[in-house]
Trainee: 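Got a structure for you, written out below as structure tokens; questions coming shortly.
In what follows, chains are A, B, ... by sequence order, proteins preceding strands, each numbered from 1.
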Amino acid sequence: MAFNFSDIVTNNDLLERFQNLFEKELIDEICNAGELRKIAEYTELISIGETITHMPLIISGSLKVMTEDKNGEELLLYYLELGDTCAMTLKCCSSLSKSVISAMTEEPTEILFIPVKYMDLWMVKYQSWRSFVLESYNSRMNEMLEAIDNLAFHNMEERLSKYLRNRAKLMQNGKLKITHLQIAHDLNSSRVVISRLMKKLEEEGVIKQYRNRVDLLEFLF
DNA sequence: ACATTAAGTGATT
DNA sequence: AATCACTTAATGT
């Protein structure tokens, strides 16, 4: 699907967002170079080992970024959302290497794909692009530091409730469409453990659960 | 009615 | 907190 600037303007407040972020010429270049695609939920966009050809810019929805540990277990790195781009991809662009991450959607998502060849070009040409990339690295770094802190210093129950809150924020919805098994995967735990903790949270009145769904009762927008 | 998948539970490590 | 073995419940065909 060819990228059309007016599409974005009508579908999103992206123009406004971009105007604050990038100079006009860069916005024009982004529009020319990028391809806007609507991705269905649960679509794998890239897997480990593939060559990176495009860089994603999230317009709406979200993108789950994972890597693999030595045993081939999936490891959740972070979620990308509105206006985010993938730091791991940026890293790979300059070295033309293969992807060390996999990424998939968990909800319908719009992404603007930009060929990687523009990355170096824009880095030199636009100061706003440099800031954007740097800022992107920064926030991803902070997110991962927080994740490490979580792993190292907090028990499963805390990790679980944080996970639920983060997801609700990400989805802009306190009603989460998710199973205990999926949660267990993301937290590198087992389904049984999650089920027990979830029951505890329910008894504490924090959540209400149904099949394939959990509502955060205290969730505020 | 039956199969499949999600969630609950007690016991053990 | 993880795993096992089993039960119960919800949902699709």
Trainee: Base, sugar-phosphate, or nothing for Ser190(A), non-hydrogen atoms under 4.0 angstrom?
Mentor: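 Base, at least one base atom sits under 4.0 Å.
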Trainee: Would you please confirm or rule out a distance under 4.0 Å between OP1 or OP2 of dT5(B) and any side-chain N or O of His180(A)?
Mentor: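 For dT5(B), neither OP1 nor OP2 has a side-chain N or O of His180(A) closer than 4.0 Å.
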Trainee: Just the rounded figure in Å: distance from C1' of dA7(B) to CD1 of Ile207(A).
Mentor: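 Those two atoms, CD1 and C1', are 12 Å apart.
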Trainee: Of the non-hydrogen atoms in Met55(A) and Thr85(A), which two are nearest, and what is the gap between them?
Mentor: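 For Met55(A) and Thr85(A), the tightest heavy-atom pair comes out as CE-OG1, 2.8 Å.
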Trainee: Could you state the atom-to-atom distance from CG of Leu181(A) to P of dT5(B) in whole Å?
Mentor: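 Going from CG in Leu181(A) over to P in dT5(B) covers 12 Å.
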Trainee: Verify, without hydrogens or angle tests, whether Asn138(A) (side chain) and Glu135(A) (backbone) share a donor-acceptor contact under 3.5 angstrom.
Mentor: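 The answer is no, because no donor-acceptor pair under 3.5 Å joins these two groups.
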Trainee: How are the rings of Phe132(A) and Phe22(A) set relative to one another: parallel (under 30°), tilted (30 to 60°) or perpendicular (over 60°)?
Mentor: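 Geometry flag for Phe22(A) against Phe132(A): perpendicular rings.
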Trainee: Are any side-chain N or O atoms of Arg37(A) and backbone N or O atoms of Ile111(A), one a donor and one an acceptor, separated by less than 3.5 Å?
Mentor: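 Answer holds: no.
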Trainee: Closer to the 5' end of DNA chain B via nearest nucleotide, is it Arg196(A) or Arg211(A)?
Mentor: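 Taking each residue's closest nucleotide, the earlier one in sequence belongs to Arg211(A).
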Trainee: Check this one for me: any side-chain N or O of Gln209(A) less than 4.0 Å away from OP1 or OP2 of dG8(B)?
Mentor: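 Yes, because at least one side-chain N or O of Gln209(A) sits under 4.0 Å from OP1 or OP2 of dG8(B).
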Trainee: In whole angstrom, give the distance that lies between atom CD1 of Ile194(A) and atom C1' of dT9(B).
Mentor: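 Value for this atom pair: 16 Å.
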Trainee: Would you say the side-chain atoms of Asp215(A) pair up with the backbone N or O of Leu217(A), donor to acceptor, closer than 3.5 Å?
Mentor: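 It does not hold such a pair.
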Trainee: At a heavy-atom distance below 4.0 Å, which nucleotide of DNA chain C is the first touched by chain A, and which is the last?
Mentor: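 It runs dA1(C) to dT11(C).
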Trainee: What is the distance, to the nearest angstrom, from the CZ atom on Arg191(A) to the C1' atom on dT4(B)?
Mentor: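 My rounded result for the distance is 14 Å.
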Trainee: State, to 0.1 Å, how close Val100(A) and Thr67(A) come at their nearest heavy-atom pair, and which atoms those are.
Mentor: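 Here Val100(A) and Thr67(A) meet closest at O-OG1, 3.0 Å.
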